[in-house]
Amino acid sequence: MSWLDPYTKAFDAIVDAISEVIGEDRRRVSYLLAVPSRREYGDLSFPAIRYVKSSGLSAEEIAVRVREILEERGINYVGVSVLKGYLNFTLDVGAIAEKLAGMAGEKILEVPRTGEPLKIVVEHTSANPIHPLHMGHARNTCLGDTLSRMLMARGHNVNRRFYVDDVGKQVAVAALGVKVLGIDPMEEAVKHGLKPDHLVGWIYAATHTIIDIKRLKKAAGEAERDEDKRRIMGEIEDLMSVLADLESKDPAGYFNRLLEGLSRIDDPEKTLSEMMIRYEKGLEPERTLIRGVATTVLEGFKQTLARLDVEFDAWDWESSLVWEGLVERVLEEARRSPYFIYYKGAEALDLPRFIRERVKPDPELRRHFRLPRGFEIPPLILRRSDGTTLYTTRDIAYSIYKFEVTGADKVYNVVGAEQRLSQLQVRLALAAIGYTSIAINMVHYDYELVTLPRMKMSSRRGRIVVLDDILETLRTLAEEEVEKRNPGAPRDWVRGVAEKIAVGALRFRMVQTSPQKPLLFDIEKALDLAENSGPYLQYTYARASSILRKLGANAQLQPPRRDACESPKRRELILQALRTPRVAAKAADDLAPEDLAVHLLKLADLFNSWYQEDPVIREPDVGARSCKTLIVYLVREALSLGLGLLGVPVLERM
RNA sequence: GGGCCCGUAGCUCAGCCAGGACAGAGCGCUGGCCUCCUAAGCCAGUGGUCGGGGGUUCAAAUCCCCCCGGGCCCGCCA
């Protein structure tokens, strides 16, 4: 049992008491026991009116029994009253403050550990290794990493994995470019002082564009109708301007070599598909070439992720799944499934029949899959008539792998909402093959995309908002501000602080809105560091730190004068800070980082407002100063706890 | 054509899943606050047919139905 602060302890005791008295589930009671809309109603409120009928007790009677139970359990700092059918609880903050005094320097706030620790895999980011991470990935990365942090804090055993999608056309395109140039991409990046993923990203975009133009030119020559021809010529024109743009960004004199090299290849599409087939078989030289290209890009990813303080426990290569026979194993198992069919000559699973016969009649399965009402899908092809496998097939194999290699109870896949259908298909397929528990315990953690005003990203045209660039812009801006506020501060220090502010701004922004909503990332506004932002919280933390620093020896916590903690703002601040562990625990259980973000903003608002009118250091009364010092301690610790979970770095000064 | 998600103040969003006590923040705009703990802050003011219409309920932003608007998805692509 971990240490519980008096607030969490009281909350739990109240939940227990109510649930015993009215005979309702603890979870439900815990949900309904909320902070009321008006302060006069108390610190916590419960709508007992709902349970008057079912329990046969009046609200007053419920209150009396709850109070008895609380007293029995030694929770003597909670008052209960009844108003309009609500039980209103008021905490004796003075008594709580007394309990907390003397704990200076110790950890007071801690996320309560779950009673059911699980082994959880969080798969996130998993960007294709062809170009740098962009803003689209940023939300995925931040959500995935924050989720991981929260689940770990809750006591789960979390395993973070990155799926390297190297079997496919995109990486082959980049590899073809590298091959034509005859370079070792990693060495070249070092030689030219470029970030490795940026180098490959350019090669990918240029190669792709050149091949596309070539293909379109051929199509234009063959087009019979004039309007088709005109449309194609228009597309070619667009691509030519894209190409000109790429030429202007040529990182190391590659452009002409690439153009010439590719022009010597008769049918690039055919070359690519041969490369892909050979790679799937693990043949050289493709094996070394493609792995090399992907590894180069991953190296760049790792640099960016390190800036964001994001780590992975494992990198899973799609190609390895193929080479080690896991994909083949899935196919064999599928063939033994009663739902295996040949569909137009390809090996497939009859998902429509599976849904009809197994999912719909089974309430539990129906609940887990949450099938839309008029849901209809065609059979799922696992292997093409030409014998090659599909992405989905490999994804099924990977799903099994994730559970088997880790012994996971649960897997969260952080994947964009646009892939809902395909994620559902994978889970249905798993169940149809017989992996029912995997299908049930695999969760698609979906989020809407990041939209950029006045901008449409296109990765294959090299027109992406690169995450590194955003971070650089944010850092530069923060640097100016830090310098202005700290004249004469050492260069390195300024840089370090600015970097943390940039990371804080980005990470907070990416998780503060609920994942179901598209996130509008306005670069102009993101650069404005005010608003409900990460830097605002960092600033508040730094402020609290500064006060404690200046208090010096006086920062030792003395028992506060009880009544000194009773003023509305002071007691509200103490309570809001103490609520943080519970909020964090619930946010973790609900997989809702935005709830924690909102809570921290509210805490910071209260603190800043209080700070302005109630000075700490100049407070002459020792008992009152102790209470204020306690508040600063608690707020600083609550922010530290919360920001740590969100991956927003804390700063002692800024 | 079918399905999923979203629609709350000029803008960005909380609240909706598990209905309850006058609908909340921030930004913006207007005005004020640094001989005093960091002004990336604070205070005051401004601003809402909760997309529209029905229904259920003692009670609806929240649940149900219909409609409107926006995004996404429905490949032997990845």
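Below, chain A is the first sequence line, B the second, and so on; all start at residue 1.
Both geometric conditions, a ring-centre gap below 5.5 Å and a plane tilt below 30°, are fulfilled for A:Tyr86 over the base of B:A21.
Between the CG atom of A:Leu83 and the P atom of B:A21 there is a distance of 13 Å, given to the nearest Å. Atoms CD (A:Glu594) and C1' (B:C13) sit 11 Å apart, rounded to a whole Å.
At a threshold of 4.0 angstrom between heavy atoms, the contacts of A:Asp386 with the nucleic acid are absent. Counting any heavy atom pair closer than 4.0 Å across all strands shown, A:Asp614 reaches a base atom. Note on A:Val171: nothing from the nucleic acid sits closer than 4.0 angstrom, heavy atoms only. Nucleic acid contact for A:Val167: sugar-phosphate only, since backbone atoms but no base atoms lie under 4.0 Å from a heavy atom of the residue. Within the 4.0 angstrom heavy-atom criterion, base atoms lie near A:Glu652. Counting non-hydrogen atoms under 4.0 angstrom, A:Pro518 reaches the backbone sugars and phosphates but no base. Residue A:Ser546 is classed as a base contact, given a heavy-atom separation below 4.0 Å to a base. Residue A:Ala346 is in base contact, counting any heavy-atom pair closer than 4.0 Å across all strands shown.
Comparing the P positions of B:G10 and B:G47 gives an interatomic distance of 11 Å, to the nearest angstrom.
Looking at which nucleotide of RNA chain B each of A:Val598 and A:Leu32 is closest to, the 5′-most match is held by A:Val598.
In textbook terms, a nucleotide whose glycosidic angle is within 90° of 0 is syn, while B:C73, being further out, is anti.
In terms of phosphate contacts, A:Arg384 brings no side-chain nitrogen or oxygen within less than 4.0 Å of OP1 or OP2 of B:G75. In terms of phosphate contacts, A:Ser514 brings a side-chain nitrogen or oxygen within less than 4.0 Å of OP1 or OP2 of B:A14.
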Quiz item: Can you give the dot-bracket line for RNA chain B, where a pair is Watson-Crick or G-U wobble with both atom distances under 3.5 Å, crossing pairs use [ ], and | marks a partner on another strand?
Solution: ((((((((.[[[[.)....(...]]]]((((((.......))))))....[[[[[..)....]]]]])))))))....
